[in-house]
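For the single chain, residues carry numbers from 1 onward in sequence order.
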Amino acid sequence: MYGGTETIRAHGPALRTAAGDLRARAAAVSARAESCCWTSSAALVLRSQVESLADELARRAHALDAAADTLEAHARAADVAIELIATARSAAFGDARAAVTR
């Protein structure tokens with residue numbers, strides 16, 4: 001017997017939620033850095049580093065979305081394979097049963 005794809009499918013939404021959380025954190029961090037009233041060369045460096053961090057968070061969020069897409073595609077492919085196996089099994093055993101009853 002083959003396992004169901006429900007477990008695989010359950011991970012997709014969780015990954016998308018995590019991606020959304022990362023995007024929200026990136027936006028919040030970026031907004032806080034930009035709204036800071038501090039002005040100096042150190043402030044410019046800080047803002048630059050925060051923007052780099054926010055960009056990295058956005059890239060990680062994109063990677064989580066891609067992982068969710070991959071899991072969903074895998075689940076669909078597994079469903080197709082399971083159906084094909086069931087069809088082949090039915091055809092094979094149906095032919096075998098017909099041969100035995102002759």
Side-chain angles (χ1 to χ4, degrees):
M1 194 69 206
Y2 304 99
T5 55
E6 298 83 19
T7 302
I8 294 170
R9 289 183 195 287
H11 290 293
L15 288 173
R16 291 193 194 288
T17 297
D21 291 346
L22 278 181
R23 275 190 284 281
R25 287 179 188 211
V29 165
S30 183
R32 285 188 72 177
E34 286 302 315
S35 69
C36 182
C37 297
W38 180 28
T39 56
S40 70
S41 58
L44 292 174
V45 170
L46 174 70
R47 285 187 187 95
S48 175
Q49 290 176 344
V50 169
E51 281 306 313
S52 292
L53 173 62
D55 290 345
E56 180 61 24
L57 290 174
R59 284 190 293 278
R60 300 295 173 144
H62 179 71
L64 288 172
D65 284 331
D69 292 342
T70 300
L71 281 174
E72 290 165 2
H74 175 71
R76 285 190 302 273
D79 285 339
V80 169
I82 290 168
E83 183 62 32
L84 290 171
I85 290 167
T87 300
R89 179 185 301 148
S90 176
F93 286 125
D95 291 346
R97 287 185 189 117
V100 169
T101 58
R102 287 184 192 163

### Query
Under 6.0 Å from the CZ atom of Arg23, do we count more than 12 heavy atoms belonging to anything else shown?
yes
### Message
Can a donor-acceptor pair be found, under 3.5 Å and without considering hydrogens, that links the side chain of Thr87 to the backbone of Glu83?
### Response
yes
### Test item: Thr5 side-chain N/O and Ile8 main-chain N/O as donor-acceptor pair under 3.5 Å
no
### Query
Could Asp65 and Arg60 be called an ion pair, given the rule that one side-chain N must be under 4.0 Å from one carboxylate O?
no
### Query
Which distance, rounded to the nearest 0.5 Å, do you find between the OG of Ser30 and the CG of Leu57?
10.5 Å
### Message
Are Asp69 and Arg16 packed together at the side-chain level, in the sense that at least one heavy-atom pair is separated by less than 4.5 angstrom?
### Response
yes
### Query
Heavy-atom distance under 4.5 Å between the side chains of His11 and Thr7, does that happen here?
yes
### Query
Does the pair Arg76 and Val80 meet the rule for a side-chain contact (heavy atoms from CB on, under 4.5 Å), with working shown?
CA-CA 6 Å; Arg76 285 190 302 273; Val80 169; 5.7 Å; no
### Task
Identify whether the distance between the nearest side-chain nitrogen and carboxylate oxygen of Arg59 and Glu56 falls below 4.0 Å.
yes
### Task
Return yes if some donor-acceptor pair links the side-chain N/O of Ser90 with the main-chain N/O of Ala86 below 3.5 Å, else return no.
no
### Query
Is Val29 linked to Trp38 within one hydrophobic cluster, defined over Ile, Leu, Val, Met, Phe, Trp and Tyr using a side-chain heavy-atom separation of less than 4.5 Å?
yes
### Message
Quick check for you: to the nearest 0.5 Å, what is the distance between Thr70 atom OG1 and Leu15 atom CG?
### Response
10.0 Å
### Task
Could you grab the distance from atom CD of Glu34 to atom CZ of Arg47, nearest 0.5 Å is fine?
6.0 Å
### Query
Are Leu64 and Leu53 linked, directly or through other ILVMFWY residues, by side chains that come within less than 4.5 angstrom of each other?
yes
